[in-house]
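Here is the structure we will look at.
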Amino acid sequence: MADKDIDIKKIKELIDIMKQNGLEVIEINHGDDKIYLKRSQPQSFSGPIITSMPTIKPEMAPSSGQANVTNSSGSAVPVDDSLITIKSPLVGTFYAKPSPDSDPFVETGTPVEPQTVVCIIEAMKVMNEIKAETSGTIVEAFVTDGQAVEYGQVLFKVKPD
Amino acid sequence: MADKDIDIKKIKELIDIMKQNGLEVIEINHGDDKIYLKRSQPQSFSGPIITSMPTIKPEMAPSSGQANVTNSSGSAVPVDDSLITIKSPLVGTFYAKPSPDSDPFVETGTPVEPQTVVCIIEAMKVMNEIKAETSGTIVEAFVTDGQAVEYGQVLFKVKPD
Amino acid sequence: MFSKILIANRGEIALRIIRACHELNIEAVAVYSEADKEAPYLQLADEAICIGPADCSKSYLNIASIISAAEITDVEAIHPGYGFLAENTEFAQICGECGITFIGPPVEAMKNLGDKVMARKIAKQAKVRCVPGSVGTIEDGPEALKLANDMGYPVIIKASAGGGGRGMRIVHNDISLRSAINSARAEAEVAFGNGDVYMEKFIVEPRHVEVQVMADSKGHAVHFYERDCSIQRRHQKMVEESPCPILDKKTREELCGSALRIIKESKYVNAATVEFLLDKDKNFYFIEANARIQVEHPVTEMVTGHDLIKLQLQIASGMPLTLTQKNIKLNGVAIECRVNAEDPDNNFSPCPGRITRYIPPGGFGVRVDTHVHQGWNVSPTYDSMIAKVIVHQKTRTEAITTMKRALGEFIIEPIKTTIPACLEILSHNLFVKSEVDTGFIERNF
Amino acid sequence: MFSKILIANRGEIALRIIRACHELNIEAVAVYSEADKEAPYLQLADEAICIGPADCSKSYLNIASIISAAEITDVEAIHPGYGFLAENTEFAQICGECGITFIGPPVEAMKNLGDKVMARKIAKQAKVRCVPGSVGTIEDGPEALKLANDMGYPVIIKASAGGGGRGMRIVHNDISLRSAINSARAEAEVAFGNGDVYMEKFIVEPRHVEVQVMADSKGHAVHFYERDCSIQRRHQKMVEESPCPILDKKTREELCGSALRIIKESKYVNAATVEFLLDKDKNFYFIEANARIQVEHPVTEMVTGHDLIKLQLQIASGMPLTLTQKNIKLNGVAIECRVNAEDPDNNFSPCPGRITRYIPPGGFGVRVDTHVHQGWNVSPTYDSMIAKVIVHQKTRTEAITTMKRALGEFIIEPIKTTIPACLEILSHNLFVKSEVDTGFIERNF
């Protein structure tokens with residue numbers, strides 16, 4: 001920065017940067033090169049409206065940082081950062097078994113690999129095999145045979161190896 | 001800022017920039033080039049909606065604890081807990097003088113007693129004498145002769161003895 | 001037409017009048033008490049003047065303050081809305097003396113209709129049947145006994161200056177009559193500063209039916225058909241509709257014609273509502289006339305398509321009514337539900353507080369008149385009515401369905417409102433069949 | 001009548017359809033993407049099913065997901081609203097194959113009207129004048145040159161499968177024609193996967209006038225008069241009204257009769273809009289038919305008093321239209337303004353974000369259709385339309401005044417909306433005189 005003059009244009013530029021980036025503070029000490037930036041906390045909006053519909057996470061990814069996901073029967077899924085959720089990637093009917101008189105694909109305690117089929121979801125007369133896509137042990141099943149499931153609904157919790 | 005001259009125009013420019021951009025702080029240390037900008041937090045919704053109508057306090061009581069009362073011309077009344085406000089107890093037309101060619105009842109610097117008449121407010125063809133109801137010295141007058149005033153509008157500030 | 005008026009009221013009716021002013025290109029001055037200073041409708045007004053503290057008697061009922069506000073803002077007229085000063089003859093008179101037009105009837109007409117004994121006289125001159133009753137005020141004594149026996153029990157004792165059920169007694173036999181007259185007189189004296197009472201035949205299970213009328217200063221008057229306001233809880237209307245579902249065309253014409261005759265006989269100007277009781281044989285009896293716009297005026301607006309507040313402003317400014325009776329047609333059915341900040345589970349006690357979530361209904365056939373919004377603080381100081389939901393449909397069945405749909409989607413949290421009570425009424429078998437009378441709520445809820 | 005249907009849409013039209021369902025005692029199943037999961041209208045639905053992530057192609061356009069949702073909720077029919085899958089013939093066909101009623105036209109009629117070349121053929125069979133143009137698709141060559149010279153410049157090149165201005169070119173002379181055809185073909189290929197284009201006479205400064213039609217499965221069809229939608233910005237309608245203010249009775253009858261003939265000729269069932277250009281001499285030319293309910297349907301509802309969504313549901317369930325043409329009357333004037341979350345000062349770029357203050361307009365003659373409320377987050381993912389304000393008044397002048405009043409009191413903060421732009425349009429001298437055409441916005445703003 002120039003010694004003599006405050007550069008209004010530069011300040012405006014800095015303000016734009018702050019706005020675009022949600023910065024709360026920019027501090028620049030030119031002599032001895034100090035820069036101090038502070039970003040705003042994400043806006044805490046006091047009251048978003050939560051529908052009674054299930055809260056759904058988009059990916060069949062580890063549930064770390066996920067709190068109080070509610071499944072469609074309304075019961076709260078306890079937070080356990082170490083567990084991985086398997087969610088329905090489509091709307092349809094959940095089948096736990098390959099055929100009515102077979103054993104279920106998996107049950108609580110069943111070890112799974114990424115390629116293990118955990119259930120079938122029927123959508124538009126097509127049977128879609130759903131794979132675990134993770135390794136571990138099924139610790140909880142949330143849906144019963146023949147139940148309708150929606151997109152993103154939690155099907156199983158897996159404890160990773 | 002520089003030792004020689006405080007540039008009022010530049011300060012006004014900076015203030016405009018602050019206003020337009022919702023800045024809370026601009027700090028500029030010219031020697032050694034320090035700039036410090038702070039933006040206001042986005043307004044959290046919880047608050048009531050404030051109309052642009054005058055904020056009015058109900059009583060002609062000391063203004064202790066009162067902050068930023070705005071009078072009808074829109075200028076902010078500085079907070080000074082030691083000052084007492086005299087407010088209009090009724091809607092009407094404010095007269096500073098008993099008759100057009102008289103001196104005003106009071107001016108800045110006039111000492112007042114509780115029974116001192118500070119102005120007249122005409123309402124429905126009735127001239128209502130407004131008394132100071134406090135002792136002290138008039139330090140500021142907020143309304144000009146002939147001006148319409150509403151209920152609770154600040155008329156004078158009094159510095160108590 | 002006026003160029004600037006002042007609105008001596010608050011809440012939804014103040015906003016309603018601001019809207020009408022702006023559609024007629026009239027500047028609107030709002031007045032407010034300190035309790036209402038945050039109201040967004042004040043920002044819609046062209047000017048807003050604080051007239052006093054929250055207490056009504058020092059603000060919205062403070063004649064000096066309101067007149068003074070009108071003077072400093074240099075308005076040509078004052079619209080009083082309903083309630084507060086709307087039927088205060090002193091206020092109307094002072095307006096006149098100060099050269100400000102009172103948007104309402106002439107003082108004389110207001111006085112005559114405001115006095116119930118005088119109003120009965122006018123009705124008789126207009127050849128409109130009143131509920132059989134005493135010619136004037138009555139006192140405890142043999143004359144009262146004879147009168148009661150002549151008209152047949154039950155009879156009702158009412159305060160001449162009264163309203164809202166105070167100073168009212170229903171009597172079924174000679175023995176009760178004396179004490180009823182005396183206690184009614186005492187109550188009327190306390191409530192209205194006037195102990196005069198009169199006696200009427202008590203109509204069993206009547207409907208409350210009222211006719212909307214509008215008269216100009218040239219003597220031309222028209223009616224806008226009737227409203228059925230039988231759904232009342234302690235004389236407070238809860239649900240109103242137009243037209244009255246059980247009236248045949250001939251009775252409707254007679255009823256509306258009677259209302260017009262009373263208005264003409266009293267040399268009335270501006271909006272009025274003429275109230276009748278309708279008995280089970282569809283005989284109607286004049287009871288009183290209200291010299292102002294009423295809360296439930298929107299149901300009439302919906303079925304006739306005419307904006308009554310605009311007409312009030314036009315008439316008050318001296319313009320003639322250009323409407324003729326045949327321009328005014330009944331189109332479909334409208335129902336209004338009053339949404340009050342009251343707790344139906346707790347004897348309808350007021351339920352003030354900050355509204356933290358608010359989603360009004362909308363869509364086909366739905367009108368909402370309200371001054372509240374998310375963030376509004378419902379003050380315990382004023383009337384508990386916070387919104388009116390009005391629906392308009394082709395048939396009464398559809399109107400009930402649309403109203404249930406609209407109330408069902410109306411979210412006002414966390415305060416309690418009369419919405420659930422209104423929904424119960426709308427679903428009640430007798431309401432659906434319109435087999436109701438003014439005792440419907442008391443008997444069924 | 002259906003007992004349960006699914007609504008394959010979002011936002012205000014999903015809410016609109018839920019309302020109609022509930023007034024007909026039909027259970028409504030809503031579907032939603034993860035981005036809409038907080039929407040309050042989902043709570044009004046009897047069931048709500050998440051069908052995918054925010055991305056439309058994986059949720060609201062995901063046929064498999066929607067059909068599957070319909071199957072697991074066991075609905076009898078699907079209402080597609082407008083946009084998304086509303087005119088997707090594949091979707092309509094799959095619905096049929098799955099035994100689910102598609103609430104819209106038969107697939108064949110949808111295909112015919114959806115193809116603009118085919119639609120012109122139908123219009124000609126129905127003896128309705130089209131804009132002079134090529135019989136079918138054209139290619140660069142001497143035939144195109146001859147045709148353009150026969151009908152006279154200017155001409156316009158349009159994509160057969162197109163819409164929204166893509167694949168469109170206006171040509172003023174022979175030299176420009178070749179390149180225009182080729183570039184239009186290329187653009188159409190990219191935009192619609194179909195490079196077919198056709199040529200039309202370019203009507204100078206036309207009005208866009210469209211007729212609302214409804215046909216039942218028994219071959220009975222009625223019209224609900226016309227809407228004037230000339231106020232468009234880049235082919236996006238901003239302000240719509242009914243009736244068209246400049247039509248005389250005879251032209252209106254011819255116009256509406258022409259629309260009915262096209263609908264009957266195409267064996268259409270359910271709601272459709274037949275669009276015309278109206279030139280300065282009040283000649284009208286068929287341009288296309290939209291095989292769905294439209295955004296601006298409420299203006300027609302206001303002036304006719306008929307609920308078009310309810311009629312759609314009744315017709316789709318197999319009920320005959322009980323309305324005859326003489327039951328459908330034009331009553332007054334209605335105007336709709338679209339409130340979009342866009343910044344008029346920044347070339348109408350979308351302006352998403354959380355609404356922290358929201359006060360809708362109300363009162364006489366005002367209807368608001370919206371899914372938003374205070375606290376709603378306007379997503380950048382979907383259409384920017386967040387509300388429709390519709391007014392109904394006796395005259396066009398009053399309707400404009402009421403609309404200005406309504407928009408003036410509509411508070412939506414802090415996002416920018418098209419409200420100021422609509423207010424400017426409503427105040428524009430040429431709009432007030434209704435001397436407008438589809439180029440009005442481009443020329444005057």
Side-chain angles (χ1 to χ4, degrees), chain C residues 12 15-25 40-41 43-44 297-298 301-302 305-310 327 329 331-332 355-376 387-390 392-394 398 400-406 408-409 411, chain D residues 12 15-25 40-41 43-44 297-298 301-302 305-310 327 329 331-332 355-376 387-390 392-394 398 400-406 408-409 411:
Chain C
E12 73 87 17
L15 174 55
R16 172 74 188 87
I17 299 164
I18 291 171
R19 286 171 170 158
C21 285
H22 286 178
E23 294 192 12
L24 291 172
N25 206 22
Y41 65 81
Q43 294 184 304
L44 294 177
H297 75 275
E301 295 184 325
M302 299 308 268
H306 295 288
D307 185 320
L308 297 174
I309 306 290
K310 281 192 196 172
N327 296 140
K329 292 204 172 69
N331 175 24
I355 297 170
T356 56
R357 188 161 180 247
Y358 178 85
I359 305 180
F364 186 90
V366 176
R367 166 178 171 184
V368 181
D369 276 32
T370 184
H371 58 293
V372 312
H373 58 92
Q374 189 160 311
W376 174 259
K388 305 189 298 202
V389 178
I390 308 104
H392 185 210
Q393 274 285 11
K394 289 194 285 291
E398 287 170 292
I400 292 173
T401 304
T402 299
M403 181 61 91
K404 286 162 74 172
R405 185 274 285 172
E409 68 187 56
I411 295 175
Chain D
E12 73 87 17
L15 175 55
R16 172 75 188 86
I17 299 165
I18 291 171
R19 286 170 169 158
C21 284
H22 287 177
E23 295 193 13
L24 291 172
N25 205 23
Y41 65 81
Q43 294 184 304
L44 294 177
H297 75 275
E301 294 184 326
M302 300 308 268
H306 294 288
D307 184 322
L308 297 174
I309 306 290
K310 281 192 195 171
N327 297 139
K329 292 204 172 71
N331 176 25
I355 296 171
T356 57
R357 188 161 181 245
Y358 178 85
I359 305 181
F364 187 91
V366 176
R367 166 178 171 182
V368 181
D369 276 31
T370 184
H371 59 292
V372 312
H373 58 92
Q374 189 159 309
W376 175 260
K388 304 189 297 203
V389 178
I390 307 106
H392 184 209
Q393 273 286 10
K394 289 193 284 292
E398 288 169 291
I400 292 172
T401 304
T402 299
M403 181 61 91
K404 284 162 75 173
R405 185 274 285 172
E409 68 187 54
I411 295 175

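Chain A is the first sequence line, chain B the second, and so forth, proteins listed ahead of strands; every chain is numbered from 1.
Between chain D and the residues C:Arg16, C:His306, C:Met302, the largest count of heavy-atom pairs under 4.5 Å involves C:His306. Between chain C and the options D:Asp307, D:Ile411, D:Thr401, the largest number of non-hydrogen pairs under 4.5 Å is found for D:Asp307.
Neither the backbone nor the side chain of D:His392 comes within contact range of chain C; no heavy atom of the residue lies under 4.5 Å from a heavy atom of that chain. With a threshold of 4.5 angstrom between heavy atoms, D:Asn331 approaches chain C through side-chain atoms but not through N, CA, C or O. Proximity to chain C (any heavy atom under 4.5 Å) is shown, for D:Arg19, by both the backbone and the side chain. Using a 4.5 Å cut-off between heavy atoms, C:Lys404 does not touch chain D at all.
In this structure the side chain of D:Tyr41 never reaches within 4.5 angstrom of the side chain of D:Glu12, judged on heavy atoms. Between C:Met403 and C:Val389 there is a side-chain heavy-atom pair separated by less than 4.5 Å. Contact of the D:His297 side chain with the D:Ile390 side chain is not registered, since no non-hydrogen atoms from C-beta on lie closer than 4.5 Å.
No donor-acceptor pair closer than 3.5 Å links the side chain of D:Glu398 to the backbone N or O of D:Gln393. A distance-only check finds a donor-acceptor pair linking the side chain of D:Gln374 to the backbone of D:Tyr358 [under 3.5 Å].
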